[in-house]
Amino acid sequence: QVHLVESGGGLVRAGDSLRLSCAASGDIFSRYHMGWFRQAPGKERELTATITWSGGSTYYADSVKGRFTISRDNAKDTVYLQMNSLKTEDTAVYYCAASRVGYSYNLINSYDFWGQGTQVTVSS
């Protein structure tokens, strides 16, 4: 099974940019759709952005459309989340997750393998 490790979180100001990375190991990366999810204090974990195994299709939550971009490099076994124009409401723990190909890449329930999360804090 795949093992995921996120990096790149931190404390930034509103309007700043940040790029998260998620390195995968333990299995063939291109066997998985990949996604970024986030969980704010007191709230449920929510889908942020997902990408198919080939990178050919992406899906975004309405709250991040036009500001966040998900991408992947299958040669490096890594998925990225570029976050621009950050807002205070983007503050959350961000999780990387993997879904086996064959499941719907834009549904949170399709994701079986999760990283430990990385904190993103956006101050005003």
Side-chain angles (χ1 to χ4, degrees):
Q1 65 185 41
V2 65
H3 179 64
L4 306 171
V5 178
E6 303 97 334
S7 61
L11 172 63
V12 297
R13 292 192 171 187
D16 285 350
S17 297
L18 203 59
R19 188 174 84 154
L20 305 182
S21 299
C22 173
S25 62
D27 200 350
I28 298 174
F29 187 57
S30 59
R31 287 179 174 173
Y32 298 88
H33 302 317
M34 298 298 296
W36 286 97
F37 302 80
R38 67 186 183 184
Q39 188 166 18
K43 295 187 177 181
E44 292 187 356
R45 192 170 299 186
E46 62 178 14
L47 183 153
T48 303
T50 60
I51 188 167
T52 55
W53 68 273
S54 65
S57 295
T58 57
Y59 180 87
Y60 296 93
D62 288 343
S63 58
V64 306
K65 279 181 183 176
R67 300 189 298 122
F68 290 11
T69 302
I70 188 171
S71 62
R72 66 188 294 162
D73 186 337
N74 285 353
K76 296 183 177 179
D77 295 350
T78 302
V79 61
Y80 305 96
L81 185 67
Q82 178 66 42
M83 305 185 293
N84 298 330
S85 303
L86 282 161
K87 304 176 180 180
T88 55
E89 52 263 44
D90 294 319
T91 294
V93 177
Y94 283 72
Y95 297 91
C96 171
S99 168
R100 294 183 185 91
V101 172
Y103 295 88
S104 296
Y105 79 102
N106 58 346
L107 297 177
I108 189 170
N109 289 340
S110 296
Y111 289 80
D112 291 325
F113 306 99
W114 294 82
Q116 82 289 349
T118 186
Q119 177 70 48
V120 173
T121 303
V122 185
S123 64
S124 58

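These figures come from a predicted structure and were not determined experimentally.
Interatomic distance, Tyr32 OH to Asp27 CG, rounded to the nearest 0.5 Å: 3.5 Å. Taking OG of Ser21 as the reference point, atom CZ of Arg72 lies at 13.5 Å (rounded to 0.5 Å). Taking NZ from Lys65 and OH from Tyr59, the interatomic distance works out to 6.5 Å, rounded to the nearest 0.5 Å. Put simply, OG1 on Thr91 and CD on Gln119 are 7.5 Å apart, with the number rounded to the nearest 0.5 Å.
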Audit row: Cys96, Trp36, side chain to side chain contact (heavy atoms under 4.5 Å, CB included) steps and yes/no: CA-CA 5 Å; Cys96 171; Trp36 286 97; 4.0 Å; yes

Side chain to side chain contact (heavy atoms under 4.5 Å, CB included) between Leu20 and Glu6, worked out: CA-CA 7 Å; Leu20 305 182; Glu6 303 97 334; over 6 Å; no

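Residues Leu47 and Tyr94 fall into different hydrophobic clusters, defined by Ile, Leu, Val, Met, Phe, Trp and Tyr side chains chained together at heavy-atom separations under 4.5 Å. The hydrophobic clustering, which links ILVMFWY residues whose side-chain heavy atoms are closer than 4.5 Å, places Tyr80 and Leu4 apart. If you chain together hydrophobic residues whose side chains sit under 4.5 Å apart, Ile51 and Trp53 never meet in one group. When hydrophobic clusters are built by joining Ile, Leu, Val, Met, Phe, Trp and Tyr residues whose side-chain heavy atoms come closer than 4.5 Å, directly or via intermediates, Val64 is grouped together with Val12. Cluster membership for Ile70 and Phe37, using ILVMFWY side-chain heavy atoms within less than 4.5 angstrom, is not shared.
In this structure, Glu44 places its CD atom where only 12 or fewer heavy-atom neighbours from other residues, nucleotides or ligands lie under 6.0 Å away.
For residues 101-112, the side chain to side chain donor-acceptor pair (under 3.5 Å) pairs, not counting sequence neighbours, are Arg100-Asp112. Applying the salt bridge (Lys or Arg N to Asp or Glu O under 4.0 Å) test to pairs two or more places apart or on separate chains, those with a residue in residues 89-99 are Arg38-Asp90, Arg67-Asp90.
Residue Ser30 is tested with Val101, Asp77, Asn74 for a side chain to side chain contact (heavy atoms under 4.5 Å, CB included); the sole match is Asn74.
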